[in-house]
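Data first, discussion second: the structure below is written as structure tokens.
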There are 2 protein chains.
Amino acid sequence: MKHLIHTLNKAFDHRVRLGVMAVLMANESVSFNDLKDALDLTDGNLASHVAALEKAEYVLVSKQFIGKKPNTTYSATAAGKVAFQQHLETLEKLLRG
Amino acid sequence: MKHLIHTLNKAFDHRVRLGVMAVLMANESVSFNDLKDALDLTDGNLASHVAALEKAEYVLVSKQFIGKKPNTTYSATAAGKVAFQQHLETLEKLLRG
DNA sequence: TGAAGTACTTTGTGATGCAAAGTTGAAGAA
DNA sequence: TTCTTCAACTTTGCATCACAAAGTACTTCA
């Protein structure tokens with residue numbers, strides 16, 4: 001028999017990725033540095049987790065210039081929002097009885 | 001600044017361990033085989049995850065005989081219940097804004 | 001004697017996590 | 001013009017983890 005834990009999305013099975021998605025659900029778009037500060041992560045650590053979410057097509061990366069400075073912003077894709085919602089629902093079911 | 005994700009308990013940062021704890025919160029004690037079947041895991045997989053929870057002193061292991069058969073049962077320790085509750089509260093806070 | 005059940009442990013392989021250091025390119029200071 | 005800084009990564013290196021599959025030890029039942 002298949003338990004709920006096997007329907008949890010592996011892409012979100014990590015506290016950093018949970019944090020990233022939570023922030024991106026609450027904010028339409030967030031810059032690299034804001035996200036880094038919000039979650040208190042090192043550059044490399046954030047970059048690698050976001051890369052994983054990008055590869056899964058749950059996060060969209062946009063690069064542009066603000067004034068003269070390069071600026072990278074992240075946002076959740078439609079698929080990302082759906083997948084995350086489902087993940088949360090599964091979690092909730094799992095965590096009460 | 002320290003984000004909530006850093007207060008999530010690493011011992012529970014995995015779907016299998018979430019599943020084990022969820023079952024042990026709902027049932028005072030569960031046998032190896034019942035847990036294995038409930039979560040649909042292989043012997044080795046369950047054994048290694050439970051070992052991690054036992055090492056953290058979140059799960060208590062009791063070995064006895066039922067009739068003539070060896071029987072191992074697991075239960076959550078007091079510390080385990082508290083830690084898991086805290087973990088869930090942190091999760092909830094994290095997952096709404 | 002042999003098959004089956006219980007509860008692991010071991011092995012092997014590959015993926016993951018993380019800090020720290022390195023990189024690239026542009027901007028502003030000295 | 002040389003130096004430093006900032007942004008956003010990438011690379012490196014190491015340690016840990018996850019998991020399947022196979023092996024183990026003991027016992028019981030046929």
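Each chain gets a letter, A, B and so on, in the order the sequences are listed, and its residues count up from 1.
Following rounding to the nearest Å, N71(B) (CG) and dC8(C) (C1') show an atom-to-atom distance of 14 Å. Rounded to an integer number of Å, the gap from D37(A) CG to dC6(D) P is 13 Å. When the P atom of dA26(C) is taken as reference, atom NZ of K63(A) falls 14 Å away, rounded to whole Å. N33(A) has its CG atom 8 Å from the C1' atom of dC6(D), to the nearest Å. The distance from atom NZ of K36(B) to atom P of dC8(C) is 12 Å, rounded to the nearest whole Å. Remark: C1' of dT16(C) and NZ of K55(A) are 12 Å apart, rounded to the nearest angstrom. Between the CG atom of D40(A) and the P atom of dC18(C) there is a distance of 12 Å, rounded to whole Å. F32(B) places its CZ atom 6 Å from the P atom of dC8(C), with the value rounded to the nearest Å.
In this structure the side chain of M25(B) reaches within 4.5 angstrom of the side chain of Q85(B), judged on heavy atoms.
The residues E92(B) and R96(B) are annotated as salt-bridged, a charged nitrogen and a carboxylate oxygen being separated by less than 4.0 angstrom. A salt bridge is absent between K81(A) and E57(A): the closest approach of a Lys/Arg side-chain nitrogen to an acidic carboxylate oxygen does not fall below 4.0 angstrom.
Take N45(A) and apply the side-chain hydrogen bond (donor to acceptor under 3.5 Å, both in side chains) test, not counting sequence neighbours, and it matches H49(A). Annotation: salt bridge (charged side-chain N to carboxylate O under 4.0 Å, His left out) contacts of D34(A) (sequence neighbours excluded): none. Qualifying side-chain hydrogen bond (donor to acceptor under 3.5 Å, both in side chains) partners for H87(B), counting only residues two or more places apart in sequence or in other chains: none. D13(A) pairs by the side-chain hydrogen bond (donor to acceptor under 3.5 Å, both in side chains) definition with R15(B), not counting sequence neighbours.
An OP1 or OP2 oxygen of dA8(D) is reached within less than 4.0 angstrom by no side-chain nitrogen or oxygen of Y74(A).
L39(B) approaches V16(B) most closely through the heavy-atom pair CD1-O, 4.4 Å.
Aromatic ring centres of F84(B) and F12(B): separated by under 6.0 Å.
Taking five base pairs at each end of the helix from dT1(C)-dA30(D) to dA30(C)-dT1(D), the local helix axes there meet at an angle of 10°, rounded to 10°.
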Practice problem: Assign a letter to each nucleotide of nucleotides 10-30 of chain D from its 5' end: B, base within under 4.0 Å of a protein heavy atom; S, sugar-phosphate only; -, no contact. | Solution: B-------SSS-------S--
